[in-house]
Amino acid sequence: MFHGLPRALSNSWATCLVAAAALVLTACAAPTQPPTPAQPTAAAPQAAPTTAPAAPPASSQATPVPTPRLAPTPVIAGATPTAVSRGPKRGGTLTRAVAVAPPTLDLNFVGSSTVFEIIGLTHNGLFYSDAQLSSVKDLVESWEQPNETTYVFHLKKGVRFFNIPPVNGREITAQDVVTDFKRKRQEFPGLPPMNLVARTWFDPLKSMQATDPYTVTVETKEPYAPFLTYLAHAYTVIFPQESYIGPRGPAYDMTKVAIGTGPFTLTSFTPNVEFTLERNPAYFEKNLPYMDRIRGVIIPDASTRLAAFRAGRVDLVQGDKSQYDAARKTVPNMVAVKRREFHNALFMNPTRKPFDDMRVRQAVSQCMDREALIQFVVDGDGDLAGVPTLRAGYSLPKDELAKLYKRDVAGAKQKLVAAGYPQGFAFKLNATVRQPIAVQNMTVLKDQLKDCGITANIEVLEFPVFLDRREKGDWDAISHGHPPEAEPDRNMVTVYAKGSPYQIDDPELQKLLDQERRITDDKKRAQAVLDLERKALEKSYAAWTYYFYAYVMMSPQVKDYAEPIPTGQHLQRWAWLDR
């Protein structure tokens with residue numbers, strides 16, 4: 001533990017195979033209910049600095065193990081085991097069905113998590129997030145924090161990029177890290193706007209320097225609680241300094257070529273068809289990865305993906321509860337892991353009338369029946385949700401959300417009258433085909449809003465068009481979902497920070513957001529985040545509704561597989577096949 005990072009990281013919904021008894025099952029056991037996510041447990045330890053800060057608070061000195069603790073898949077009563085495995089086996093090809101191909105391999109310019117299907121396995125970060133969502137050293141050998149605003153990271157020696165021009169297998173250095181972060185922070189001229197994520201995460205950095213070939217020294221403007229968690233996020237993996245050689249941009253086509261230090265190399269990539277990742281024989285972690293290759297097959301249609309899994313053409317597929325129920329009837333020894341998925345919301349553009357009036361936004365939220373949404377759209381397999389996070393103690397409790405979200409049609413109509421819309425109003429409601437749950441939400445919300453005299457004209461957009469309109473502010477309202485993350489600041493910033501794609505520029509929320517980032521005491525910071533969430537829900541720029549669950553279904557031959565969040569593909573370096 002170090003001064004400058006909260007102690008508590010939730011294991012809730014994220015421990016996956018760690019809590020195997022709660023999460024893993026086979027279809028032949030024929031449970032009447034799907035697997036349930038593990039309940040919050042004691043906080044997982046953070047990576048501990050080699051040298052403690054000058055005046056740190058009392059904290060644990062425990063250092064996480066260098067690999068995630070993944071329990072072996074248990075044999076469920078009713079299954080017929082073949083042979084008892086004595087540990088990880090090397091070799092084999094994992095074939096997984098992927099719903100959507102990544103639009104580009106340059107994650108600095110994309111706001112979609114699909115890019116991590118590839119980049120999460122071809123690149124490393126300074127740290128990574130393990131199966132318990134703790135930050136663990138990756139490219140970093142050791143580090144220290146001399147004071148609240150200074151971090152010194154010492155890189156592992158002998159780690160090499162892939163032997164692909166123009167990098168040609170050279171060793172990673174501190175200058176690669178510095179150049180990559182400057183690019184993420186958009187410090188170089190001539191680059192198009194990068195995604196909001198990396199820019200806002202690292203705004204609090206004052207300086208980053210390569211003090212020797214293997215040492216990076218970082219100074220922040222002030223104490224910055226989320227820093228290490230963000231360094232462990234998949235968005236902050238390190239690209240070579242050839243990714244920027246001047247206003248012309250990169251020295252290679254980063255949209256199609258992946259040059260990292262990761263456990264797998266990208267050997268083929270046919271957009272919208274498939275991709276293949278091969279084991280990196282020069283990977284710096286001894287004996288990893290275990291699998292020879294990972295093959296991703298792009299199958300946009302959910303029923304077709306499920307059919308491929310049931311026929312044994314793919315080893316792994318993700319689906320919803322109905323697909324899980326269908327699969328377990330015909331795949332006798334299937335293993336499934338239940339994972340908390342996207343939090344859905346109706347986002348209202350405050351730069352457009354009538355949503356520039358808080359009373360109108362509040363009326364829309366009051367008119368929504370969230371419990372009905374859960375029942376109709378996800379067959380009851382979800383729960384009320386606020387701003388997405390997985391960290392224990394950083395989310396408003398369900399009973400408080402239930403009171404805030406209680407449907408009140410009469411109250412909504414009164415607010416519309418007070419705002420000058422006694423007859424209601426009409427607006428355009430967009431969603432993207434990339435998120436079918438958000439599309440289904442629109443149809444139910446359309447009927448619910450009619451009760452308050454509000455007419456929603458639905459328009460479903462292709463993903464590139466959706467992103468372009470959202471960034472430009474060319475929309476009235478959006479039905480969309482955001483994934484839960486280990487760091488509560490993540491979605492707070494993405495949605496509510498100035499410059500967000502949701503067009504919010506609220507000084508009061510920005511002040512609260514800046515304050516919670518500076519608080520390094522975990523309990524005090526949790527309270528600050530809850531206060532921020534309450535204020536954000538009151539202002540109703542986003543009318544949050546519910547979260548639902550995803551089911552990662554896999555062949556019983558797939559072992560030690562963990563993907564606790566949609567950006568957790570890097571953990572597949574420890575997965576193996578019992579064949």
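- Residues Gln510 and Asp506 bring no donor and acceptor atom of their side chains to less than 3.5 Å of each other.
- Separation of the His480 and Phe342 ring centroids does not fall under the 6.0 Å cut-off.
- Crowding of Glu222 atom CD: a count of heavy atoms from other residues, nucleotides or ligands under 6.0 Å exceeding 12.
- A donor-acceptor contact under 3.5 angstrom links the side chains of Glu341 and Gln318, judged on distance only.
- For the pair Thr432 and Val460, the minimum side-chain heavy-atom distance is 4.5 Å or more.
- Annotation: cation-pi pair Lys321/Tyr324 absent, no NZ/CZ under 6.0 Å from the ring centroid and within 45° of its normal.
- Partner of Phe355 under the ring-ring contact (aromatic ring centres under 6.0 Å, His included) criterion, chosen from Phe347, Phe425, Tyr541: Phe425.
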Stepwise salt bridge (charged side-chain N to carboxylate O under 4.0 Å, His left out) check, Arg96 with Glu117: CA-CA 10 Å; Arg96 60 180 297 162; Glu117 298 286 353; 3.5 Å; yes
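- Of the N and O atoms on the side chains of Tyr230 and Asp489, at least one donor lies less than 3.5 Å from an acceptor on the other residue.
- At a threshold of 4.0 Å, the pair Glu400-Arg534 counts as salt-bridged, since one of the basic side-chain nitrogens sits closer than that to a carboxylate oxygen.
- Centroid-to-centroid, the aromatic rings of His482 and Tyr502 come within less than 6.0 Å.
- Going from atom CG of Leu429 over to atom CD1 of Ile478 covers 9.0 Å, rounded to the nearest 0.5 Å.
- Panel note: side chain Asp253, backbone Val257; no donor-acceptor pair is recorded below 3.5 Å.
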Residue pair Asp356, Lys353: steps toward the salt bridge (charged side-chain N to carboxylate O under 4.0 Å, His left out) verdict: CA-CA 5 Å; Asp356 59 337; Lys353 291 185 178 298; 3.1 Å; yes
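- A side-chain donor-acceptor contact under 3.5 Å links Ser500 to the backbone of Val495.
- Taking the ring centre of Tyr549 as origin, the terminal cationic atom of Lys338 falls inside the region bounded by 6.0 Å and 45° from the ring axis.
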Criterion salt bridge (charged side-chain N to carboxylate O under 4.0 Å, His left out) on Asp180 and Arg183, from CA distance to verdict: CA-CA 5 Å; Asp180 188 48; Arg183 186 172 182 266; 5.0 Å; no
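- Checking Thr545 against Arg370 by side-chain atom types alone, no donor-acceptor pair falls below 3.5 Å.
- A 4.5 Å side-chain heavy-atom check between Asn457 and Glu459 finds every atom pair outside the cut-off.
- Distance alone, capped at 3.5 Å, places no donor-acceptor pair between the Asn349 side chain and the Asp476 backbone.
- Considering only heavy atoms from C-beta on, Arg490 comes within 4.5 Å of His233 through its side chain.
- In this structure, Arg185 is not positioned above the aromatic face of Phe202 in the sense of NZ or CZ being under 6.0 Å from the six-membered ring centre and within 45° of the axis.
- A cation-pi arrangement, defined by a distance under 6.0 Å to the six-membered ring centre and an angle within 45 degrees of its axis, is present between Arg434 and Phe463.
- The closest side-chain heavy-atom distance from Arg313 to Val297 is not below 4.5 Å.
- At least one side-chain heavy atom of Ile458 sits less than 4.5 Å from a side-chain heavy atom of Lys446.
- Distance check: Trp544 CH2 to Asn344 CG gives 8.5 Å after rounding to the nearest 0.5 Å.
- Remark: side-chain polar atoms of Gln503 are paired, donor with acceptor, to backbone N or O of Pro501 under 3.5 angstrom.
- Of the possible donor and acceptor atoms, one in the side chain of Arg305 sits under 3.5 Å from a partner among the backbone N and O of Pro300.
- The only member of Val335, Val337, Leu316 that meets side chain to side chain contact (heavy atoms under 4.5 Å, CB included) when paired with Tyr561 is Leu316.
- Here the side chain of Thr236 pairs a donor or acceptor atom with the backbone of Leu231 at under 3.5 angstrom.
- Asp379 has its side chain out of reach of Phe548: every pair of non-hydrogen atoms, C-beta onward, lies at least 4.5 Å apart.
- For Lys524, the NZ atom is loosely surrounded, since the number of other residues' heavy atoms within 6.0 Å does not exceed 12.
- Applying the side-chain hydrogen bond (donor to acceptor under 3.5 Å, both in side chains) test between Gln366 and each of Arg361, Arg407, Lys415, Lys406 identifies Lys415 as the sole match.
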Stepwise salt bridge (charged side-chain N to carboxylate O under 4.0 Å, His left out) test for Arg352 and Asp474: CA-CA 9 Å; Arg352 289 193 174 186; Asp474 184 17; 3.0 Å; yes
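- The shortest distance between side-chain heavy atoms of Lys403 and Lys398 does not fall below 4.5 Å.
- A heavy-atom distance below 4.5 Å is not found between the side chains of Asn430 and Arg470.
- Counting only distance, with no hydrogens or angles, the side chain of Asp451 and the backbone of Cys367 share no donor-acceptor pair below 3.5 Å.
- Atom CZ of Phe376 sits in a sparse spot, with 12 or fewer heavy atoms from other residues, nucleotides or ligands closer than 6.0 Å.
- Checking Asp203 against Tyr224 by side-chain atom types alone, no donor-acceptor pair falls below 3.5 Å.
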